[in-house]
Amino acid sequence: MSAVPELRITLAGAERVVAEGTTYGEALQADGRSVVAARANGELRDLAAPVAEGDQVEPVAVDSPDGRAIVRHSTAHVMAQAVQELFPEAKLGIGPPVDNGFYYDFDVKNPFTPEDLKRVEKRMREIVKQGQIFSRRPVSDEEAQEELAAEPYKLELIGLKGGAGAQEDGADVEVGGAELTIYDNLDPKTGDLCWKDLCRGPHVPTTRSIPAFKLMRSGGAYWRGSEKNPQLQRIYGTAWESRDKQDEYLHLLEEAEKRDHRRLGAELDLFSFPSELGSGLPVFHPKGGIIRKEMEDYMRRRQGEAGYEFVNTPHITKSQLFETSGHLPWYAEDMFPPFELEGVEYRVKPMNCPMHNLIFRARGRSYRELPLRLCEFGSVYRYEKSGVVHGLTRVRGMTQDDSHIYCTREQMVGEIKSLLTFVLSVLRDFGLSEFYLELSTRDDSDKFIGDPADWDEATEALRQTALESGLELVDDPGGAAFYGPKISVQAKDAIGRTWQLSTIQLDLNQPKRFELEYQAADGSRQTPVMIHRALFGSIERFLGVLTEHYAGAFPPWLAPVQVVGIPIAEAHAPYLQDLAKKARERGIRIEVDASDDRMQKKIRNAQKSKVPFMLLAGDEDIANGAVSFRFRNGEQKNGVPVDEAINEIADAIERRIQV
RNA sequence: GCCGACGUAGCUCAAUCGGCAGAGCAACAGUCUUGUAAACUGUAGGUCAGGGGUUCGAUUCCCCUCGUCGGCUCCA
């Protein structure tokens, strides 16, 4: 009898010798709970897989990003099993882990109802409790095709294996590697096969290794992400390494719901969406109007300081202008339909750039004028498809703080660089502090116009600047505007969500199409480079984002009402009216609540409307020429002399601080 | 645009298995007024999203339109 051969491996940096046939789980002494998989030579593996000579082995902790993804992926399998048990006719699509959870797509005759989800979740809990074993089994293409003959979508994936594009739509989760594998779910007592799925893995060892999960919602989803394909029914769920983490996540969702700008917009009387106007067409009420005005005033000042020139252009134009710009051939389905006047076709504008081009072209331009920075709060209208309209973040009528900068090719890089600095400084003043950049480029699709060489040059200029900024840069291939590549600034809000705000787009096409020219120092005529720049994205969207970022509790400089004066009793109102008069002279937006509510009710009302400062006055304060603060967090500061109080408020407004 | 859910007073929600539509808050009126999140009493408020159909009778059942919400696709 020969001795069992031995293998040398490296475990978490230390050399070890183990018997052949040892699994990663054994080598790592993994419990399948805190450690759910292994990483061998960089590859994720099942704990049940055998080690190989020379392996570098690391544990994959359940609370690591990979660990969570594995738990989520395994939970998706459990869900699919439950669905097929309850709905035997359901055909499997794909079921990958995603941020915070997972989904699985099914082709079913009838979409899932909330009751269906409850049943599925109940069955899932039974499966988890049963502790079914995830067992990996390599198969040939032919074997897989035979075993999965009843799963048309899986068959399609087998055909795609390794093909380009498989990675983009999540299909690689099913058929990622060189060889196909099927995961069998086995009854832990009898070893009987309960269910199986084509899958790359790895998985947690048993369904008991899934610590916490919950089904969230269902909805339609196109097969492989294309609207040309049939629509499947997707169920989303969340799964976590512990019940606590899951509760934390669910709590975050609740928090996000409370911050929803659509809810706060109504509660704080900022804006509304009258259905009489049509979908995606907001109106701003006086309080929302104040915030907009503050935003716009601020932008006017900053742009004035930064060498921008203010222009104005109309909302409609002859359609011909958009032929020239290239919008109609490439962008028409996003535009409102034309209407005819005096035998000529007109359009509502979806973008301001063509009109700014006409201003540039209105007379001969000299290189001495460049960079020429035209800016406008330009209202544009886009025919957004009915299913995508969403609060202020996706509307059909919006105002962009739009600017078009015309410069020489030599100035291009410097101009983009200073633009990026400008953009970030503005966003910081609005209280946003965490950013990353996204570089949207063209791919080989035919929705882009112009010479690829021009695109390359423009893309490189943007990339160079983005890299120099030191901010994280994420690639977004195929995400460019039809006329040029763009950098977008993504900002993180107070609860960690990111929003696309500013965009900086380079355009080497429109200047040619509009035959824009300037005269260079040597007397020659040159085509300028054009940079599109919307800093807020749109004023509407930015206001929506700020509303969610601040949860409606705007910093004093933006708050519609900055101060509410609250008399302790009716007799104290005139004193506060005097104070209010003084404060208004300092530009402070103050109201005195002289209603016949009781003082406590007035505080409650002011608190609910998220006013930054409450100033209370009763006999005691009046005797001392003072006033008492109540802040939004409930703290108070009593007996502050009136002038001092006004100074404190004026100072907070001026410095744009949050209180 | 596609899949699904939903639409009752300004807001949040009841009720009617087809038979005169109800509450709290908000609004309005009156009474009351002392220290940091809800005083009391009363009044008014609805073509039950809009249109069509079935029915003796529709807010309730069916169809269409509009709008909202959750997804997909798309996007500032």
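Here is the naming used below: chain letters follow the sequence lines, and residue numbers restart at 1 for every chain. What you see is a predicted model; the values in this text were computed from it and never measured.
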Could you check whether A:Val380 gets within reach of a base, just the sugar-phosphate, or nothing at all, counting any heavy atom under 4.0 Å?
-> nothing
Base, sugar-phosphate, or nothing: which does A:Glu384 touch, judged by heavy atoms less than 4.0 Å apart?
-> base
Starting at atom [atom1] of [X], determine the distance to atom [atom2] of [N], rounded to an integer number of angstrom.
{"X": "A:Leu277", "N": "B:C66", "atom1": "CG", "atom2": "P", "value": "16 Å"}
{"X": "A:Asn352", "N": "B:A76", "atom1": "CG", "atom2": "P", "value": "14 Å"}
{"X": "A:Tyr383", "N": "B:U73", "atom1": "OH", "atom2": "P", "value": "19 Å"}
{"X": "A:Arg541", "N": "B:C74", "atom1": "CZ", "atom2": "P", "value": "15 Å"}
{"X": "A:Tyr236", "N": "B:C3", "atom1": "OH", "atom2": "C1'", "value": "12 Å"}
{"X": "A:Phe273", "N": "B:U68", "atom1": "CZ", "atom2": "P", "value": "8 Å"}
{"X": "A:Glu276", "N": "B:U68", "atom1": "CD", "atom2": "P", "value": "12 Å"}

Apply ring-ring contact (aromatic ring centres under 6.0 Å, His included) to A:Phe87 and A:Phe112, showing your working.
-> CA-CA 10 Å; A:Phe87 306 89; A:Phe112 299 107; 5.5 Å; yes
Would you say [X] places a side-chain N or O within less than 4.0 Å of OP1 or OP2 belonging to [N]?
{"X": "A:Lys486", "N": "B:A76", "value": "yes"}
{"X": "A:Tyr331", "N": "B:C75", "value": "no"}
{"X": "A:His390", "N": "B:C75", "value": "no"}
{"X": "A:Ser218", "N": "B:G4", "value": "no"}
{"X": "A:Arg262", "N": "B:G70", "value": "yes"}
{"X": "A:Ser386", "N": "B:G1", "value": "yes"}

Under 4.0 Å protein heavy-atom contacts per nucleotide of nucleotides 34-45 of chain B, with B for base, S for backbone only and - for none = BBBBBB------
Suppose we define a pair by two distances each less than 3.5 Å, Watson-Crick or G-U wobble; what does [N] pair with here?
{"N": "B:C28", "value": "B:G42"}
{"N": "B:C56", "value": "B:G19"}
{"N": "B:A14", "value": "none"}
{"N": "B:G67", "value": "B:C6"}

Base B:C72 paired with A:Arg234 side chain (donor-acceptor, <3.5 Å) = no
Considering only the C1' atoms, how many Å lie between B:A9 and B:G35, rounded to the nearest integer?
-> 37 Å
With C1' as the reference atom in both, quote the distance from B:G46 to B:U8 in angstrom, rounded to an integer.
-> 8 Å
Parallel, tilted or perpendicular: which describes the rings of A:Phe336 and A:Tyr381, with under 30° parallel and over 60° perpendicular?
-> perpendicular
In terms of the nearest nucleotide of RNA chain B, which residue is placed more toward the 5' end: A:Pro111 or A:Gly219?
-> A:Pro111
Answer yes or no for A:Arg347 and A:Phe322: cation-pi contact, defined as NZ/CZ to six-membered ring centre under 6.0 Å and angle to ring axis within 45°.
-> no
Search all heavy atoms of A:Ala491 against all heavy atoms of A:Leu501 and return the closest pair with its distance.
-> CB-CD1, 3.5 Å
